[in-house]
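A short worksheet on the structure shown next.
Lettering follows sequence order; numbering is per chain, from 1. Because the structure is a prediction, the values reported are computed rather than measured.
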2 protein chains.
Amino acid sequence: MPTSKDVARLAGVSQSTVSYVMSGRRPISEKTRKRVEDAMAQLAFQPNAGARALASRRSQVIGLAIPFVPDLHMGSIMEFISVIAATARQSDYDILLVTDDEGPQGLERVVGQQLVDGLIIMQVEGDDARVPVIRKLPVPSVLIGIPEDSKGLECIDADFELAGAMCVEELAQLGHETVTLVDWQDAVVRRHVNYVKRFHRGVDKAAAATGTKVIKVPGRVTIAGMEKAVTKALKETNGIPAFIAPEAANQDLLVEALHNLGLVLGEDASVVVNCSDRIAERQRIPLTTIGFEPDEVSRRAVHRIVRDLTDTTSRAHEALELIRPVLKRRKSTIRLRPQR
Amino acid sequence: MPTSKDVARLAGVSQSTVSYVMSGRRPISEKTRKRVEDAMAQLAFQPNAGARALASRRSQVIGLAIPFVPDLHMGSIMEFISVIAATARQSDYDILLVTDDEGPQGLERVVGQQLVDGLIIMQVEGDDARVPVIRKLPVPSVLIGIPEDSKGLECIDADFELAGAMCVEELAQLGHETVTLVDWQDAVVRRHVNYVKRFHRGVDKAAAATGTKVIKVPGRVTIAGMEKAVTKALKETNGIPAFIAPEAANQDLLVEALHNLGLVLGEDASVVVNCSDRIAERQRIPLTTIGFEPDEVSRRAVHRIVRDLTDTTSRAHEALELIRPVLKRRKSTIRLRPQR
DNA sequence: TTGAAAGCGGTACCAG
DNA sequence: CTGGTACCGCTTTCAA
């Protein structure tokens, strides 16, 4: 493996020049830059990540805490992960996995070893053991999901309250006086992910404001169960029935159940509203889409943490620019490198 | 952040002693070890990963190439990932994601930057662009899935041929003369994952050996489609119908379809055989399980690469032990550190 | 059984 | 605009 020293020798410049060509942190004449770049290409040079991390105090790696629970929505978790990893690369960051079964200490470890510059925490629950740990860690982090006490934390999530409200409002405007909310599955509700609560709050508020009656039925696992729930809802409905089914798994079942009961979606019988357009596209069914998509959330999370990360750097640099002249005048020697 | 120097000072020993306490690479008196360990605990010391990687030439990180395809089985991919990450930690390795959309160069990059000590490649296809790249890379790697030309590569996968054969044999022993194979979905078949081929080979061989008639129907996306397929299969069947449904998505549909057609599983009508017991447990249906589970495959992949990794190290050390006396006698100086 | 010191491969300061 | 050089924090050699 060639080193930057090899590149320097081949290009006939000093090692520091090679470094500056890579970082662009100081002006380089066109001529030297070209020579250096040619040498790098010729040797297929790649900077050593460890050495760079050691010297620069930044690993260019973001830790991603993934949930351990063999839950129902592993598919959507996977979607988050791959979008996060791809987005991070756009800003020259890599993603290191931190599994949940290592517990909160896992986070302390990767930060303590200075393996990562920042953290993204997935599936944050209302009362999450990782939150107090994160607060103490000396790196920026972004949470996906909103804990009970979110003060001073960077959180991001779909706006479930808004989504819930919009679902009801949309249906009310279409003339529905009664709507049925097919809730998340029990397993999800029991974990304290509070987006369920937030969605309900949005639904309730909008229902009160628009004078809409809301029937709530629990989420189901089987078609048979869903058919029963739908039948019951139909009985209590005045006029055209309408459904809100925020959970993806339920959407499939609901669509199937309605079909089995002879109802044609969007035409003579009922309307389904949800937070995700993925299913809608796949099944070519008239669904309405509301709120952020998972990939949108993922991308935003990465952008935020990258911003945090570069902010810290550039703020440090600005500060240095400001004090440099003062230092010079005083002829004192102070470390300009940031010390953690 | 405290450094090993701080630990050394506090314990009243040299930095090298601290290092040897951590690595165990040379005998340390009980007394000093205790002093050092106390100091480490008191300072909450964590070794700097970059520095360690630089000096030792090993990052203790394994790169994991994950598929980009927003495919149908994202759930199972997620399962692989989390088991791999958890298992790697057991051997003190971390997992760095390499997304497929960076292409094969992504692999060259993480290896070139010496970010990773080895690679695990997921979802390897019959003719995979990453394979030729992997062959050239100077680090060990393990493929999950088997490419067309697998010579000299460490591959691991469930034994699909065996699974296919066992499915047929099991049904034949139960007295079935005709079995229906519900194939993988088109999207999967079209990608050149050759486990589909291998499964079919196993089925065909066993069918020939047992004199069983096999009806093959394509995988479906909707219940309606599945019901049609099942109906057709029933017509061509002599005696009690039996089904083989290797793909998880199909299993759900198939079970539902049989139910809708009034057939009770495992009782008066039909038997379903598949490669995975997960669904069976979840749905409490009499399914037979065959072959490796995904998590088993994941664990094996990690164990293998860790073995490769430690083998290299220990072989190097053994070699050094052997030549050391020779070197001493000759009073010559030779670099003992491995140079890449 | 231990310590001193020379790297590992970059970064960024200082001086020119 | 460029070169020389002192680190970054850990590992491993040599010498005691």
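- Each end of the helix from C:dT1-D:dA16 to C:dG16-D:dC1 gets its own rotation axis from five pairs of C1' atoms, and the angle between them is 40° to the nearest 10 degrees.
- A:Arg130 is linked by a side-chain hydrogen bond (donor to acceptor under 3.5 Å, both in side chains) to A:Asp100, A:Asp128, counting only residues two or more places apart in sequence or in another chain.
- Between A:Gln114 atom CD and D:dC10 atom P the separation is 8 Å, expressed in whole Å.
- One N or O donor and one acceptor, one from the side chain of A:Gln15 and one from the base of C:dG10, sit under 3.5 Å apart.
- Residues passing the side-chain hydrogen bond (donor to acceptor under 3.5 Å, both in side chains) test with A:Asp101, sequence neighbours excluded: A:Thr99.
- A search for side-chain hydrogen bond (donor to acceptor under 3.5 Å, both in side chains) contacts involving A:Thr17 returns A:Ser14, not counting sequence neighbours.
- Side-chain proximity of A:Val13 to the nucleotides C:dT11, D:dG3, C:dC13 is greatest for D:dG3.
- For B:Arg57, the listed nucleotide lying nearest its side chain is C:dC8; candidates were D:dG9, C:dC8, C:dG10.
- In this entry the distance linking NZ of B:Lys5 with P of C:dG3 reads 15 Å, nearest Å.
- Note: CD (B:Gln60) to P (D:dT11) measures 10 Å, nearest angstrom.
- Listed nucleotides C:dC13, D:dC10, D:dG3 differ in distance to B:Asn48; the shortest reach to its side chain belongs to D:dC10.
- Looking at heavy-atom distances under 4.0 Å, A:Thr17 makes contact with sugar-phosphate atoms alone, never a base.
- Residue A:Arg52 places no side-chain N or O under 4.0 Å from the OP1 or OP2 atom of D:dC8.
- The distance between atom CZ of A:Arg58 and atom C1' of D:dC8, rounded to the nearest whole Å, is 15 Å.
- Every residue two or more places apart in sequence or in another chain that forms a side-chain contact (heavy atoms from CB on, under 4.5 Å) with A:Gln113 is listed here: A:Arg109, A:Leu115, B:Gln46, B:Ala49.
- The A:Leu54 side chain lies nearest to D:dC8 when the options are D:dC8, C:dC8, D:dT13.
- Within the 4.0 Å cut-off from OP1 or OP2 of C:dG9, not a single side-chain nitrogen or oxygen of A:Ser4 is found.
- With rounding to whole Å, B:Tyr20 atom OH is found 14 Å from C:dA4 atom P.
- Distance check, rounded to the nearest 0.5 Å: CD1 of A:Ile84 to CG of B:Leu97 gives 9.5 Å.
- By the 4.0 Å N-to-carboxylate-O rule, A:Arg35 lies too far from A:Asp38 to be salt-bridged with it.
- Listed by chain and residue number, A:Ser59 satisfy the side-chain contact (heavy atoms from CB on, under 4.5 Å) test with A:Ala53 (two or more places apart in sequence, or in another chain).
- Considering only the side chain of A:Arg25, C:dA12 comes nearest among D:dC10, C:dA12, C:dT11.
- Applying the side-chain contact (heavy atoms from CB on, under 4.5 Å) criterion to B:Lys5, with sequence neighbours excluded, gives B:Thr3, B:Gln15.
- Looking at heavy atoms from C-beta onward, A:Met78 lies in side-chain contact with B:Ile66 at the 4.5 angstrom threshold.
- Counting any heavy atom pair closer than 4.0 Å across all strands shown, A:Val18 reaches no nucleic acid atom.
- Put simply, the side chain of A:Ser16 and the base of D:dG4 share a donor and an acceptor less than 3.5 Å apart.
- Scanning residues 27-35 of chain A for heavy-atom distances under 4.0 Å to DNA chain D yields A:Pro27, A:Ile28, A:Ser29, A:Thr32.
- For B:Ser19, there are no side-chain hydrogen bond (donor to acceptor under 3.5 Å, both in side chains) partners at least two apart in sequence or on another chain.
- D:dG9 atom P lies 10 Å from atom CZ of B:Phe45, rounded to whole Å.
- For the pair B:Ile121/B:Leu107, a side-chain contact is recorded, criterion being any heavy-atom separation below 4.5 Å from C-beta on.
- A:Ser14 has no side-chain polar atom (N or O) that falls below the 4.0 Å cut-off from OP1 or OP2 of D:dG4.
- Here the P atom of nucleotide C:dG9 and the CG atom of A:Asp6 are 9 Å apart, to the nearest Å.
- Distances shorter than 4.0 Å separate none of the side-chain N or O atoms of B:Arg26 from OP1 or OP2 on D:dT13.
- Residue A:Thr3 is in sugar-phosphate contact alone, with no base atom involved, counting any heavy-atom pair closer than 4.0 Å across all strands shown.
- Note: CG (A:Leu115) to P (D:dG9) measures 15 Å, nearest angstrom.
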